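Order of listing sets the numbers, starting from 1, for every ligand and every atom in it. On a predicted model such as this, the values are computed, not experimentally measured, just so you know.
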Amino acid sequence: MSSLDDLYRRVIMDHYQKPRNKGKIDDDSGLVINLNNPTCGDSISLSLKVEDGIVVDAKFIGEGCSISMSSASMMTEAVKGKPEEEAIRLITIFSDMMQGKEPDDSVDLGDIEALQGVCKFPARIKCATLAWKALEQGIKKSDDKSNE
Ligand code: FES
């Protein structure tokens, strides 16, 4: 194993063992998106609060493998406090990354970079993308809500 793979593995395990933003948004102002991975039954419940085009809060609870739970932890950390457009951009970058495309150098992916290697394991891609799909649905729902 290269030292980079080893570093990435450690970053993934750190998020798995000490998940960031674990829980539910307490007030009723947020949205909740529940998704599961049909191939294994693992699940995520993402609470999202988008106000004036900013993702002001993101929390998750779920059951799943280290890849799915660490990806959820990294995702909430990356989008919290960011403008919605930036979150959408990250969703696209992450999806491209899972298809084996090199991430754009101009974007600081932070810990998300550690999931790059997942694209080599097709069975795990669904694990890594679960939280991001929930985010995508949450942003869409919040846009629909604000357009009502
Ligand atoms: Fe179920 Fe990864 S094995 S989410």
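- Smallest separation of non-hydrogen atoms from Ala58 and Ile25: N-CD1, 4.4 Å.
- Of all the atoms in ligand 1, the ones that sit under 4.0 Å from a non-hydrogen atom of Ser68 are 4 (S).
- Here the shortest heavy-atom pairing between Met13 and Ser66 reads SD-CB, 4.1 Å.
- In terms of protein heavy-atom proximity, atom 4 (S) of ligand 1 is closest to Asp42 OD2, 3.2 Å.
- Under a 4.0 Å criterion applied to the non-hydrogen atoms of Cys65, ligand 1 contributes the atoms 2 (Fe), 3 (S), 4 (S).
- The two residues Cys127 and Ala123 make their nearest non-hydrogen contact at SG-O, 4.1 Å.
- A salt bridge links Asp14 and Arg20; the closest N-O separation between the charged side-chain nitrogens and carboxylate oxygens is under 4.0 Å.
- Residues Trp132 and Ser71 bring a donor and an acceptor atom of their side chains to less than 3.5 Å of each other.
- Ligand 1 has at least one atom lying under 4.0 Å from a heavy atom of Asn37.
- In this structure, Gly64 falls outside the shell of residues with a heavy atom less than 4.0 angstrom from ligand 1.
- Within the coordination shell of atom 2 (Fe) of ligand 1, defined by N, O or S atoms under 2.8 Å, Cys127 is present.
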